[in-house]
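Have a look at the structure below before the remarks.
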Amino acid sequence: MNGRAYESHFTTWRKLKAKWINAIPASERNTIQDIVDRVNADEEKLLNLLSNQHYVFTHWKQTEKQINYRRFFTINQLICLRMEDENVFSEYHSFLHSLYKSNLIQGFRIDHIDGLRDPAQYIRRLRNLFGDACYIIAEKILEAREVLPRDWLLQGTSGYEFLAQINQLFTDKKGARHLLDFYRTLVPSLPPYKQLVTQNKKMMLEGYMEGEWNNLVDYFIELGLQGDLTRPGLKQALGSIMISLPIYRIYPEQIPLEGNDLSILNETFNIISQSQSPVEKEQEYIYTLFTAPDDKIPKANILLFLQRLMQFTGPLMAKGVEDTTFYIYNPLISHDEVGDSPSTLGMTINEFHRRMSTRRESSPNSLNATATHDTKRGEDVRIRLSVLSEIPDKWEDHVRRWRGANTTKQRPDINDEYFIYQSIVGGFPEDLQATEAWIKRLKEYLVKVVREAKVKSTWEFPNENYETICTDFVEHIFAGENNFLPDILPFVENVIDIAHYNALGQLLIKITAPGIPDVYQGCELWDLSYVDPDNRRPVDFETRKKYLSDLFQKENEGCESLLSFVKEHRRAGMEKLYVAWRALNFRRSHDDIFNLGEYLPLQFSRGDSLACVFARHVNEQWVLVIIPLGLERRGIQNPKEGWTSESIILGPNLPSHWINIFTGKEIDAPGELSLIEALGQFPVALLTNKKA
């Protein structure tokens, strides 16, 4: 918990304490105060009082080495419940069940499902209590090749895998490779990504979670699983398994392991075998315990231990990767994102289509998220940063120039300086005004960044001198004493112009691809937030209401006036709001297409990947979605004039007459659809074969 959050809780506690004291009659209050004073003055009485509490007063740092309860990640104040206990489950869900029965809520998002001992059992109990009609999803981060367990009776996930896939779609693979190569010239000593992840997981386990680690060893011994292993060897072997597990966790319900659980375990031990280990005997023993245990050892005890072990591999992965490595490994920070990974930079259109087709078959009711309260940066910050992969040469030239010009007596580490430049480009205000308020937000963000990275500073031991170097550097480059601001403004403006098209595409895909669109608070307009608490600032809903009212009014003046209006107010986010308004209303009135409809990727007559194009259809109702990609890379400065001869192959099975939902234009397209017809009036297209 950071200092600001702690102060908030402490203030609340003091208010509650004062309210309780003031409720006591004055005569009794004096008696109580006298008793308190006498206890405080007598060390023996005070120690006797403390020894009778249900907890031990201990310095908070002690929990990194010794702890006697299970906590949420590494936050001491958040104590975990034993939700596997039926009595706990029943009591916890009684109020939620009353809300559901009263139809005040219709579904649930299970937060951090990986923290449960047995998620499948928990989900079954939920279904028994709430029934099949209840909409239930889980917050679950799926690694690249990971899928949601088939026996989980869920509608899907909260959508981080969708965020990753669409994030990768808007990153140019070739340009991203250039960015990675350039980054390596800046920080040649930084280990490769996977090695850095291993190092940081090890650091978190040894430096922040050794109390949990020791408890696992104790539990292993308590369950009679130790055999002839020594405690030190057992501890190191368990640590190597936790560090090497390539995903957040597995979900064992039986011993010996089989299927996907066994495959992941084998992959884990293959990773372990690649390093010289002094505890090979212990590792082999544990592997055999999970895969072919001796009949003398109760399988139930093995399962209990493995399930408990998995309750800690998730937090270890999250703290080592999301909350550490993502602030250190910076070739393109748009991919240092929850659900995504910078180990891969860029995805082909065909691969994206394959992922969406799979999504339609396996989890069509998962959320399509592009921003949440936990994402590392706003959805439009990521979109801007991905534009750098389209202009890697320009970016490299500018960074080299900035590094030469932004000289100060003390400057940040080059890795942090590179992070700062990306953060400036990604979050620069749309009106191109570097206000004091925005610079203040940026500086507060950077303090969190360097503490999360745990290289130059930490939350536990803040290096305020280095943090000041970073914030002073930001002050310096915006102070007008050098050429940084005049130099970066044209560059940022160019990035913003490209990003606007990509952002509209991201939004339209989110609304029309398989899944349920999820719009995070405030994202109706441009989302240029940094990580929390910045992305949890109050939302100006009055402005959004006014803008929507303006759209209603302009609609009455005709489509030409409406389109001109949203384009004129693009910097305010009006085009984004317009896409959300039109597409969401169309989806609501044609829900069968999106909930039940097929997903059909479409190709171009020339075979080039000019855009991401797909159709959705059910029965005779069709929609066609067209999202241009790589405008800058293709030298298309004006999309209205850029699509001259390119066309989409529709074939004989698709309709030949379409209506553009955004422009109202009717298009005849027998067999092929010209891109200039589809994109001539608006940057993205949503077409239907029937009147909306």
Side-chain angles (χ1 to χ4, degrees), residues 1 9 12-13 16 53-56 63 67-141 148-159 212 215-216 218-219 222-223 248-255 261 298-315 318 363 365-367 372-374 516:
M1 180 177 292
H9 283 283
T12 302
W13 177 80
L16 291 173
Q53 303 307 307
H54 293 289
Y55 49 86
V56 177
T63 58
I67 189 170
N68 64 350
Y69 62 91
R70 193 167 59 88
R71 56 185 174 165
F72 177 76
F73 287 36
T74 56
I75 303 175
N76 294 340
Q77 293 88 340
L78 298 181
I79 301 174
C80 296
L81 295 176
R82 294 185 66 252
M83 196 58 73
E84 64 271 15
D85 185 300
E86 282 202 68
N87 292 327
V88 174
F89 176 91
S90 298
E91 183 169 338
Y92 180 86
H93 292 87
S94 59
F95 177 64
L96 296 176
H97 189 243
S98 69
L99 295 178
Y100 182 74
K101 294 293 286 185
S102 300
N103 201 33
L104 294 174
I105 59 175
Q106 291 77 42
F108 300 95
R109 172 191 181 274
I110 304 171
D111 189 68
H112 185 51
I113 196 168
D114 283 346
L116 295 168
R117 190 183 78 180
D118 187 349
Q121 178 196 67
Y122 174 77
I123 295 167
R124 287 193 293 269
R125 286 176 176 170
L126 271 186
R127 282 296 175 203
N128 289 336
L129 182 60
F130 291 95
D132 294 337
C134 183
Y135 180 77
I136 305 176
I137 57 172
E139 182 204 28
K140 169 59 188 167
I141 296 173
L148 210 61
R150 295 182 181 276
D151 61 338
W152 287 11
L153 306 175
L154 298 173
Q155 270 76 21
T157 73
S158 56
E212 285 86 355
N215 289 344
L216 285 168
D218 291 340
Y219 194 44
E222 178 188 326
L223 291 169
Y248 281 74
R249 61 166 288 179
I250 58 175
Y251 307 94
E253 289 195 271
Q254 64 179 25
I255 295 293
D261 289 345
K299 291 184 176 62
N301 286 8
I302 301 172
L303 181 60
L304 281 173
F305 174 78
L306 185 53
Q307 289 177 333
R308 174 54 60 89
L309 178 67
M310 291 300 105
Q311 287 182 285
F312 292 109
T313 58
S363 57
N365 293 314
S366 284
L367 292 186
T372 76
H373 64 291
D374 279 335
I516 309 298

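- Contact check for Pro149 versus Glu253: no side-chain heavy atoms found under the 4.5 Å cut-off.
- The minimum heavy-atom distance linking Glu91 with Ser94 is given by the pair O-OG, 2.9 Å.
- Here Ile79 pairs with Tyr69 under the side-chain contact (heavy atoms from CB on, under 4.5 Å) rule; sequence neighbours left out.
- No side-chain heavy atom of Lys140 sits less than 4.5 Å from a side-chain heavy atom of Ser158.
- A search for side-chain hydrogen bond (donor to acceptor under 3.5 Å, both in side chains) contacts involving Asn128 returns nothing, not counting sequence neighbours.
- A side-chain hydrogen bond (donor to acceptor under 3.5 Å, both in side chains) with Tyr251 is found for exactly one of Asp118, Asp114, Asp261, namely Asp114.
- Under a cut-off of 6.0 angstrom, the local environment of CD in Glu86 is sparse, with at most 12 non-hydrogen atoms contributed by other residues, nucleotides or ligands.
- Without hydrogens or angle criteria, Gln311 side chain to Gly115 main chain gives a donor-acceptor distance under 3.5 Å.
- Smallest separation of non-hydrogen atoms from Arg125 and Asp85: NH1-C, 4.2 Å.
- Among all heavy-atom pairs drawn from Phe305 and Leu216, the shortest one is CE1-O, 3.3 Å.
- When all heavy atoms are compared, the tightest approach of Leu96 to Ile105 is O-CD1, 3.8 Å.
- For the atom pair Ile113 CD1 and Leu148 CG, the distance stands at 7.5 Å (nearest 0.5 Å).
- Atoms CE and CD1, from Met83 and Ile110 in turn, are 10.5 Å apart once rounded to the nearest 0.5 Å.
- For the ring-ring contact (aromatic ring centres under 6.0 Å, His included) test, no residue two or more places apart in sequence or in another chain qualifies with Phe95.
- Heavy-atom minimum distance, Asp111 versus Glu139: OD1-OE1, 3.2 Å.
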Evaluate the side-chain contact (heavy atoms from CB on, under 4.5 Å) criterion for residues Ile123 and Leu154: first the C-alpha distance (whole Å), next the side-chain angles of each, then the deciding distance (0.1 Å), finally the verdict. CA-CA 8 Å; Ile123 295 167; Leu154 298 173; 3.8 Å; yes
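- Across Thr74, Asn76, Asn68, a single residue satisfies side-chain hydrogen bond (donor to acceptor under 3.5 Å, both in side chains) together with Thr63, and that is Asn76.
- Open room surrounds OH on Tyr92; 12 or fewer heavy atoms of other groups in view lie less than 6.0 Å from it.
- For the atom pair CG (Asp132) and CD (Gln155), the distance works out to 9.0 Å, reported to the nearest 0.5 Å.
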Test Arg308 against Glu222 for salt bridge (Lys or Arg N to Asp or Glu O under 4.0 Å), laying out the working first. CA-CA 13 Å; Arg308 174 54 60 89; Glu222 178 188 326; over 6 Å; no
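- A donor-acceptor pair is defined here as one N or O able to donate and one able to accept, closer than 3.5 Å; such a pair exists between the side chain of Arg70 and the backbone of Leu81.
- Taking the centre of each ring, Tyr100 and His93 stay at or above the 6.0 Å mark.
- Scanning for side-chain contact (heavy atoms from CB on, under 4.5 Å) contacts around Ile255 gives Leu257, Pro293, Lys299, Ile302, Leu303, Leu306, with sequence neighbours left out.
- Residues forming a side-chain hydrogen bond (donor to acceptor under 3.5 Å, both in side chains) with Asp151 (at least two apart in sequence, or on another chain): none.
- To the nearest 0.5 Å, the span separating CZ on Arg127 from CG on Leu129 amounts to 11.0 Å.
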From CA spacing to verdict: side-chain contact (heavy atoms from CB on, under 4.5 Å), Tyr219, Leu309: CA-CA 10 Å; Tyr219 194 44; Leu309 178 67; over 6 Å; no
Test side-chain contact (heavy atoms from CB on, under 4.5 Å) applied to Leu78 and Arg71, step by step: CA-CA 6 Å; Leu78 298 181; Arg71 56 185 174 165; 5.9 Å; no
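- For Thr157 (side chain) and Gly159 (main-chain N/O), a donor-acceptor pair under 3.5 Å exists by modelled atom type.
- For the residue pair Gly107 and Cys134, the shortest heavy atom distance occurs at CA-SG, 3.9 Å.
- Put simply, CD1 on Ile137 and CG on Leu367 are 3.5 Å apart, with the number rounded to the nearest 0.5 Å.
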Can you check side-chain contact (heavy atoms from CB on, under 4.5 Å) on Leu126 and Phe89, steps first, answer last? CA-CA 9 Å; Leu126 271 186; Phe89 176 91; 4.2 Å; yes
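- In this structure, the side chain of Ser102 does not engage the main chain of Leu104 through any donor-acceptor pair within 3.5 Å.
- The side-chain contact (heavy atoms from CB on, under 4.5 Å) search around Glu84 returns Arg82, Arg117, Gln121, not counting sequence neighbours.
- The 12-atom threshold is exceeded at CD of Gln106, counting heavy atoms of other residues, nucleotides or ligands nearer than 6.0 Å.
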